2 protein chains.
Amino acid sequence: MNDSQATTRARRSPAADELRTWRNFIETTDELRSTLASRLQSESGLSTGDYAVLLALSDAENRTLRSSDLASTIGWARSRLSHHLGRMERRGLIRREEAQTDSRGAEIAPTPTGTEAFRAATAPHLHAIRELFIDALTPAQLTAADEIADALSAHLKEGVH
Amino acid sequence: MNDSQATTRARRSPAADELRTWRNFIETTDELRSTLASRLQSESGLSTGDYAVLLALSDAENRTLRSSDLASTIGWARSRLSHHLGRMERRGLIRREEAQTDSRGAEIAPTPTGTEAFRAATAPHLHAIRELFIDALTPAQLTAADEIADALSAHLKEGVH
DNA sequence: CCGATATAATTGATCTGTCAACTATAATAC
DNA sequence: GTATTATAGTTGACAGATCAATTATATCGG
């Protein structure tokens, strides 16, 4: 007759708890992301996309990367990168040059303005990450966060089943 | 004076580990979010924004909400909501009516099309959440995720210091 | 009632992200 | 060599998000 819930201990269903956890998790991480983005923007005039691009370039040999390599380094689709580079170029943060070895190609490098903007942005940005993420968690929680990310990532990568 | 190669930081520094954890965490949650969004989109033709709006309306008294109430329910700025409602209205998902008690106001309700789209979207969406988040984690990890979100959220809300 | 101010909602500008279509060059096959 | 296919990158159209400015109505102090 009574095959499941609602009779004895129907206080809170596990499914509802799980869904609450989901919403708590996704909404909080979203807020964290957007808070950090807006701090970076107001402190340095760079978006997180700008920062990712400039970081990859600053780590690269000769501070220069082929567009495709840059895209795969930061994990963006080429279209997205192309649009973004157009905006960054207009703002004088990067420049594009023809690749010598492959005339389809584009080599991307930061301008002095871009290099300086990145330099100035880095310390406050790292500070904000520490303040809003690392210092918000206990060491055990930080480890747990890393493991949770690994588990989610593994599950995502193995695709549907 | 010196190039950017690592010379004296040969050991794994705690700071570098923390930063790796940060990147792992933020990139993974981002990928999770976007995977879920694209599944919802392809399975039901709704964006996560559409879904949030229709969910709030479906939970509301008379399936109707004032625009401001809707905005605060789903945590959006009114401008963002207004633009989004314009798009949803054009697609025939919701309608806007003048509020009786306040002629500045707008009352938002789903159309039959919107109600049906929401109904059809819900089960697959909840299934995807289970598959990509809940089932990816052990019960202990799920609890830890909830606590991590609580900690981050508390830290965010207490603001800078 | 009147003027100041607060609230409700929209609008326009701009930046960002996605998708599909396109151009151009390189590489491979025949 | 030429046709085919792969690769590099750009473009246009559109959905989405943010910010500042704007319109219109409500409310409150006098």
Side-chain angles (χ1 to χ4, degrees), chain A residues 27 30-31 33-42 44-53 64-109, chain B residues 27 30-31 33-42 44-54 64-109 117:
Chain A
E27 284 166 12
D30 222 10
E31 197 182 334
R33 175 189 337 278
S34 90
T35 300
L36 268 159
S38 93
R39 283 220 197 163
L40 178 62
Q41 182 72 55
S42 68
S44 70
L46 298 179
S47 68
T48 54
D50 301 334
Y51 189 84
V53 166
T64 297
L65 280 175
R66 286 291 296 269
S67 188
S68 309
D69 295 336
L70 176 53
S72 72
T73 299
I74 62 182
W76 286 11
R78 280 199 317 242
S79 165
R80 176 181 177 186
L81 180 60
S82 185
H83 283 298
H84 202 88
L85 291 178
R87 292 187 295 263
M88 291 181 75
E89 193 175 29
R90 263 189 271 125
R91 290 192 289 146
L93 295 171
I94 57 104
R95 61 196 159 74
R96 304 193 227 211
E97 287 175 356
E98 269 202 9
Q100 291 110 348
T101 59
D102 181 340
S103 45
R104 294 169 299 188
E107 301 209 319
I108 315 298
Chain B
E27 284 166 12
D30 222 9
E31 197 182 335
R33 178 190 335 280
S34 90
T35 300
L36 268 159
S38 93
R39 282 218 196 166
L40 179 62
Q41 182 74 54
S42 67
S44 70
L46 298 179
S47 69
T48 55
D50 301 334
Y51 190 83
V53 167
L54 292 170
T64 298
L65 280 176
R66 286 291 296 268
S67 189
S68 308
D69 296 335
L70 176 53
S72 72
T73 299
I74 62 182
W76 287 11
R78 280 199 315 233
S79 164
R80 175 181 178 188
L81 180 60
S82 187
H83 283 297
H84 201 89
L85 291 178
R87 291 187 294 265
M88 291 181 76
E89 193 175 28
R90 265 189 271 123
R91 291 192 289 145
L93 295 171
I94 57 105
R95 60 195 160 73
R96 305 194 226 212
E97 287 174 358
E98 269 203 8
Q100 291 111 349
T101 58
D102 183 339
S103 44
R104 292 170 300 186
E107 303 208 317
I108 315 297

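All chains are named by letter (A, B, ...) in the order of the sequence lines, taking the proteins before the strands, and each is independently numbered beginning at 1. On a predicted model such as this, the values are computed, not experimentally measured, just so you know.
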Measure from CD on A:E31 to C1' on D:dA17 and round the result to the nearest Å. 16 Å

Interatomic distance, A:L70 CG vs D:dT10 P [rounded to whole Å]: 11 Å

Whichever of B:S67 and B:S34 has the more 5' nearest nucleotide on DNA chain C, that residue is B:S67

So, taking the atom named [atom1] in [X] and the one named [atom2] in [Y], what distance separates them when rounded to the nearest 0.5 Å?
X     : Y      : atom1 : atom2 : answer
B:E89 : B:I108 : CD    : CD1   : 7.5 Å
A:I94 : A:L85  : CD1   : CG    : 4.5 Å
A:M88 : A:L46  : CE    : CG    : 7.0 Å
A:L81 : A:H84  : CG    : NE2   : 8.5 Å
A:L40 : A:T35  : CG    : OG1   : 12.5 Å

Report yes if a side-chain nitrogen or oxygen of A:R66 is closer than 4.0 Å to either non-bridging phosphate oxygen (OP1 or OP2) of D:dG9; otherwise report no. yes

Is the phosphate of D:dT7, meaning OP1 or OP2, less than 4.0 Å from a side-chain N or O of A:S68? no

State whether the side chain of B:S44 and the backbone N or O of B:Q41 hold a donor-acceptor pair below 3.5 Å, judged by distance alone. no

Donor-acceptor check, side chain of A:D50 to backbone of A:S47, threshold 3.5 angstrom: yes or no? yes

Between residues 96-109 of chain B and DNA chain D, which residues have a heavy-atom gap below 4.0 Å? B:D102, B:S103, B:R104

Any residue in residues 71-93 of chain A with a heavy atom nearer than 4.0 angstrom to DNA chain D? Just list them by number, or reply none. A:R78, A:S79, A:S82, A:H83

B:R96 vs B:S82 side-chain heavy atoms within contact, under 4.5 Å: yes

